[in-house]
Amino acid sequence: ERVSKSYGRVRVEEGENIELYIPRKCSWTNRLIEAKDHAAVQINVGHLDQSGVYNGQYTTLALSGYVRNMGDGDSAIDLLWQKKKASAGQA
C-alpha cells in the first residue's frame, strides 16, 4: 500500500483521499473544537457492570477551552453524564 501525504490529507494507493484531522465538537456547547484550542479536553467515562467492574465500554465527552475557561467544566461533565448514563445502562 503506497501512501502519499499532502497538506492534511492522505492519498491511499487506490486514489482515495483520507482526512488526517477529524474535528471534534464540544459536548456542552456543540461548538467546533479547533485544532489550536489547547485547553480543550476529551474524557472517556468508563462503564461498569452490576458488580462495579469496568466492562470495556465507555462514553466520550469533549469540552472546549471556552467552557473550561469559564469555570463550567466540572458542572458540564456532571450534567452531561447525568443525561447520558441512562442510555448507557448505568445506575
Side-chain angles (χ1 to χ4, degrees):
E1 176 176 288
R2 200 187 89 170
V3 176
S4 63
K5 294 183 182 180
S6 64
Y7 302 105
R9 291 179 185 248
V10 173
R11 173 169 268 170
V12 185
E13 189 175 278
E14 294 82 28
E16 174 185 0
N17 282 332
I18 300 173
E19 193 69 34
L20 287 177
Y21 175 71
I22 300 173
R24 297 176 292 162
K25 287 181 79 173
C26 178
S27 300
W28 187 246
T29 62
N30 286 329
R31 288 183 177 188
L32 190 66
I33 298 176
E34 299 176 359
K36 296 287 184 176
D37 189 354
H38 298 296
V41 294
Q42 179 172 317
I43 299 173
N44 293 331
V45 180
H47 297 181
L48 306 177
D49 62 10
Q50 295 298 328
S51 61
V53 178
Y54 176 64
N55 64 9
Q57 298 177 338
Y58 57 88
T59 299
T60 302
L61 302 172
L63 290 181
S64 65
Y66 170 78
V67 173
R68 296 186 66 218
N69 287 333
M70 296 298 290
D72 294 332
D74 185 43
S75 61
I77 292 285
D78 185 42
L79 291 173
L80 284 168
W81 179 242
Q82 293 300 322
K83 290 179 184 177
K84 291 187 179 190
K85 74 177 182 179
S87 65
Q90 301 295 294

*Does atom CD of Gln42 have more than 12 heavy-atom neighbours from other groups under 6.0 Å away?*
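Yes, the 6.0 Å shell around CD holds more than 12 heavy atoms from other groups.
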
_Looking at Gln82, I'd like to know if its CD atom is crowded, meaning that more than 12 non-hydrogen atoms belonging to other residues, nucleotides or ligands lie closer than 6.0 Å._
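Result for CD/Gln82: enclosed.
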
Anything under 3.5 Å between a donor and an acceptor, one on a side chain of residues 63-81, the other on a protein residue two or more places apart or in another chain? List them.
| from | atom 1 | to | atom 2 | distance (Å) |
| --- | --- | --- | --- | --- |
| Arg68 | NH1 | Ala39 | O | 2.5 |
| Asn69 | ND2 | Gly65 | O | 3.2 |
| Ser75 | OG | Asp72 | O | 3.2 |

*Are any of the side-chain heavy atoms of Lys84 and Leu61 separated by less than 4.5 Å?*
yes

For the atom pair [atom1] ([X]) and [atom2] ([Y]), what is the distance rounded to the nearest 0.5 Å?
{"X": "Lys85", "Y": "Ser87", "atom1": "NZ", "atom2": "OG", "result": "11.5 Å"}
{"X": "Tyr54", "Y": "Gln57", "atom1": "OH", "atom2": "CD", "result": "8.0 Å"}
{"X": "Asn30", "Y": "Lys25", "atom1": "CG", "atom2": "NZ", "result": "4.5 Å"}

*Got a sec, which residues hit side-chain hydrogen bond (donor to acceptor under 3.5 Å, both in side chains) with Asn44, two or more places apart in sequence or on another chain?*
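Asn44 satisfies side-chain hydrogen bond (donor to acceptor under 3.5 Å, both in side chains) with Thr60 only.
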
